Amino acid sequence: MSWVFLRDLLSGVNKYSTGIGRIWVAVVFMFRLLVYVAAAENIWKHEHDEFECNIKQPGCENVCFDHFFPVSHIRLWALQLIMVSTPSLLVVFHVAYRQNKHHKQKLHKNPGKIDGGLLCTYLISLILKTGLEIVFLVLFYKLYNGFKIPPLVKCDIKPCPNTVDCYISKPTEKMIFLHFLLATSCLCIVLNLSELSYLIFKYSIKCYLKRHLKKQQ
């Protein structure tokens with residue numbers, strides 16, 4: 001899978017972000033996207049082939065694997081990366097619309113300055129990104145019964161004749177990467193909430209000062 005589009009998207013939004021937003025882009029790109037492409041994808045590459053049960057009953061191994069891993073970890077992470085980055089398109093579209101409206105003039109003289117309608121769009125994108133991160137964390141927890149990868153699982157689903165032991169390959173290595181990716185996801189939630197709070201506080205103060213000056217005049 002090519003991640004060039006996602007990289008370009010994040011780079012384009014970066015110049016209109018606050019300092020906290022730039023940290024979020026760096027975390028997503030360096031600690032999530034690069035780790036996914038360079039390491040995690042290879043670890044789960046042959047997860048089905050390396051899943052073994054202590055019985056050769058036809059269909060048993062496939063059914064047990066599908067039961068314990070209804071969705072591949074790595075595909076779910078890829079979907080999560082795409083989905084949490086998609087709200088940034090709202091900012092890109094808004095910027096493109098404003099630039100076209102003003103005859104392709106620069107939207108702001110100072111990169112990183114957010115105001116007016118762009119502020120609302122940016123806040124909506126932050127709320128969506130935070131919500132999607134939380135949804136995927138809950139989804140992970142529900143699908144895999146917690147944030148863990150046991151080395152041994154017991155399966156008694158038909159056509160297995162009885163309870164069989166099934167072994168997951170490289171469970172410790174997978175657990176390390178699972179916790180790392182979960183930690184970066186939580187970090188992104190904290191950064192999004194921090195940026196959201198910062199922007200709301202900043203522009204609340206700005207509006208208050210404007211009203212105060214009008215009263216004095």
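All figures in this text were calculated on a predicted structure; none of them were measured in a lab. For the single chain, residues carry numbers from 1 onward in sequence order. Heavy atoms only: backbone and side chains are in, while hydrogens, waters and symmetry mates are out.
Residues meeting the salt bridge (charged side-chain N to carboxylate O under 4.0 Å, His left out) test with Lys170, sequence neighbours left out: Glu50. Checked against side-chain contact (heavy atoms from CB on, under 4.5 Å), Leu196 has the following partners two or more places apart in sequence or in another chain: Leu123, Leu126, Ile127, Ile200. Residues satisfying the side-chain contact (heavy atoms from CB on, under 4.5 Å) criterion with Asp66, sequence neighbours excluded, are absent altogether. Residues forming a salt bridge (charged side-chain N to carboxylate O under 4.0 Å, His left out) with Glu47 (at least two apart in sequence, or on another chain): none. Scored by the side-chain contact (heavy atoms from CB on, under 4.5 Å) test, Leu193 finds Thr130, Ile189 as partners (sequence neighbours excluded).
Shown here for Pro150 and Ile168, the closest heavy-atom pair between the two residues is O-CD1, 3.1 Å. For the pair Gln57 and Pro159, the tightest heavy-atom approach, listed with the atom from each and the gap, is CG-O, 3.4 Å.
A distance of 6.5 Å separates CG of Leu90 from CG of Leu128, quoted to the nearest 0.5 Å. Note: Ile20 CD1 to Tyr198 OH = 7.0 Å, rounded to the nearest 0.5 Å. To the nearest 0.5 angstrom, Leu132 atom CG is 11.5 Å from Leu139 atom CG. Summarising the geometry, atom OG belonging to Ser125 is positioned 7.5 Å from atom CD belonging to Glu195; distances are rounded to the nearest 0.5 Å. The NE2 atom of His67 sits 14.5 Å away from the CG atom of Asn62 when rounded to the nearest 0.5 Å. With rounding to the nearest 0.5 Å, the separation of OH in Tyr36 from CD1 in Ile74 is 4.5 Å.
Two residues are said to be in side-chain contact when any heavy atoms from C-beta on lie closer than 4.5 Å; Phe68 and Ile149 fail this criterion. Here the side chains of Ile43 and Lys174 are in contact, with some heavy-atom distance below 4.5 Å. Side-chain contact check for Thr163 versus Cys155: every heavy-atom pair is 4.5 Å or farther apart. Considering only heavy atoms from C-beta on, Met83 comes within 4.5 Å of Leu79 through its side chain. Side-chain contact between Phe136 and Trp77: absent, with no pair of heavy atoms (C-beta onward) separated by less than 4.5 Å. Between Lys129 and Trp24 the shortest side-chain heavy-atom distance falls below 4.5 Å. Using a 4.5 Å heavy-atom cutoff, the side chains of His46 and Ser169 are not in contact.
Every pair passing disulfide (SG to SG under 2.5 Å) that includes a residue from residues 163-194 is listed here, sequence neighbours excluded: Cys53-Cys166.
When ring centroids are compared, Tyr141 and Phe147 come within the 6.0 Å threshold.
One hydrophobic cluster, built from ILVMFWY side chains closer than 4.5 Å, cannot hold both Val153 and Ile157; they sit in different ones.
The number of heavy atoms from other shown groups lying within 6.0 Å of CZ (Phe180) is above 12.
With Thr184 contributing its side chain and Leu181 its backbone, the two residues share a donor-acceptor pair below 3.5 Å. Formation of a donor-acceptor pair under 3.5 Å by the Asp165 side chain with backbone atoms of Asn54 is not found in this model.
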